[in-house]
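These notes are about the structure you will find just below.
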Amino acid sequence: AVTSAIAAAPVAGETYNLTTALDSKTLGAGSDQAFATDSATASSDTFNVSDQVDGGAGTDTFSLTLNDSAAGGGGVSYTPSRVTNFENLKLTNIDDDTPLTVNASLMGVTGVENAASTFAVTASNVSAGTSLAVTGATAATTMTVLGAGLTGTADSASLSLTGASGAVTIQSTTAQDFEALTVAAEGVNTSNVTVDDVGNAAAVTTVTVTGSGSWDMEGGGNLATALTTLDASGNSGGVTFTSSVAGTTLTGGAGNDGLT
């Protein structure tokens, strides 16, 4: 007898657009997406901190866009306590004068993305191990990581840069530090990157750069102050970096690197 296994069909992802009313929605078992907008225009304002949206199973993404907020330069800050079971948080701030902060401590996300923001974005109080992606953002991106999870001597941060030019900060909420940073670069990137603890101390000694994009590291940030190893052997787009630490080990890749 011949027995053949029939693989289960993949579960299709669901897309849900939040409404101007209070939402209560549970998504399915696929890779679902939920979209919300914070706007001063009532007909476009679909985000409320009391919205209850459950991503269900699968790898799900909650996207929040800040557009034309009435808050002004003081900024807006949210702690979504009823947005649950989303693995990814995607933030876009296209307001012209209002910083956006989302306290993700109750969301349980493992990935944060700043997508094409033109004004500052902060994702605060994420768990250690949460990755950060910055895609096409020209404004600053900050991600604060709960220091309670950074207890070792080889804690690593993961960053993806895709056509990014805005400054990027990854910061521990305590004196516990990151010791390593991995950066995947796609497109042309000029973002200044700072990785530090709550006291602004830098402890990253190893940076690994991969991907096919370029990254000019020389515009600022704090990586040059503590870095002793830069490994760009896995990058083909070209990395530019000048170390301020004597004896730093610099390894280039297949691209047009400028490492000194």
Side-chain angles (χ1 to χ4, degrees), residues 8 10-39 44-67 69 75-95 99-117 119-137 139 141-150 157-162 164 168-173 184:
V11 178
E14 183 177 352
T15 298
Y16 178 68
N17 295 304
L18 276 70
T19 69
T20 55
L22 286 180
D23 292 273
S24 179
K25 177 70 174 180
T26 298
L27 300 173
S31 295
D32 306 309
Q33 300 184 75
F35 295 90
T37 299
D38 180 10
S39 176
S44 301
D45 187 22
T46 61
F47 180 69
N48 188 302
V49 291
S50 296
D51 288 325
Q52 182 173 333
V53 187
D54 186 335
T59 302
D60 310 304
T61 302
F62 187 87
S63 297
L64 173 61
T65 298
L66 177 63
N67 178 17
S69 170
V76 293
S77 180
Y78 296 114
T79 303
S81 61
R82 306 179 76 191
V83 176
T84 57
N85 288 321
F86 285 90
E87 288 70 32
N88 299 307
L89 173 62
K90 186 174 183 178
L91 302 175
T92 300
N93 185 359
I94 52 176
D95 191 273
L100 169 64
T101 298
V102 175
N103 183 338
S105 60
L106 301 177
M107 299 181 70
V109 298
T110 57
V112 171
E113 180 181 2
N114 179 359
S117 291
F119 216 78
V121 162
T122 297
S124 65
N125 297 311
V126 303
S127 298
T130 299
S131 61
L132 175 62
V134 181
T135 305
T141 305
T142 300
M143 184 174 77
T144 66
V145 180
L146 294 172
L150 304 173
S158 176
L159 171 64
S160 297
L161 298 175
T162 303
V168 177
T169 299
I170 301 175
Q171 185 176 66
S172 167
T173 60

Using modelled atom types only, decide if a donor and an acceptor are shared between the side chain of [X] and the backbone of [Y] within a distance under 3.5 Å.
X	Y	answer
Thr141	Val121	no
Ser117	Asn93	yes
Thr19	Ala21	yes
Thr59	Ser31	no

Query - Listed once per pair and sorted, the salt bridge (Lys or Arg N to Asp or Glu O under 4.0 Å) pairs that draw on residues 45-66, sequence neighbours left out - result: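 Not a single pair qualifies under salt bridge (Lys or Arg N to Asp or Glu O under 4.0 Å).
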Query raised in the report: Roughly how far, to the nearest 0.5 Å, is the CG atom of Asn85 from the CZ atom of Phe62?
Result: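 Here the rounded value is 13.0 Å.
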Requested in this report: Sort out for me which residue in Val112, Leu159, Thr162 forms a side chain to side chain contact (heavy atoms under 4.5 Å, CB included) with Val134.
Outcome: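 Of Val112, Leu159, Thr162, side chain to side chain contact (heavy atoms under 4.5 Å, CB included) with Val134 is met by Leu159 alone.
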Which heavy atom of [X] sits nearest a heavy atom of [Y], and at what distance?
X	Y	answer
Ser69	Asp95	N-OD2, 2.5 Å
Phe86	Val109	O-CG1, 3.3 Å
Thr92	Leu100	O-CD2, 4.5 Å
Ala34	Val53	CB-CG1, 4.3 Å
Ser105	Asn103	OG-OD1, 2.9 Å

Requested in this report: Keeping to residues at least two apart or across chains, list the side chain to side chain donor-acceptor pair (under 3.5 Å) pairs with something in residues 126-137.
Outcome: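 Every side chain to side chain donor-acceptor pair (under 3.5 Å) pair that includes a residue of residues 126-137, provided the two are not neighbours, is Glu113-Thr135.
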Report task. Take Ile170 and Val145 through the side chain to side chain contact (heavy atoms under 4.5 Å, CB included) test and state the conclusion after the steps. Result -> CA-CA 7 Å; Ile170 301 175; Val145 180; 4.2 Å; yes
Query raised in the report: What residues, two or more places apart in sequence or in another chain, satisfy salt bridge (charged side-chain N to carboxylate O under 4.0 Å, His left out) together with Glu14?
Result: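 Lys25.
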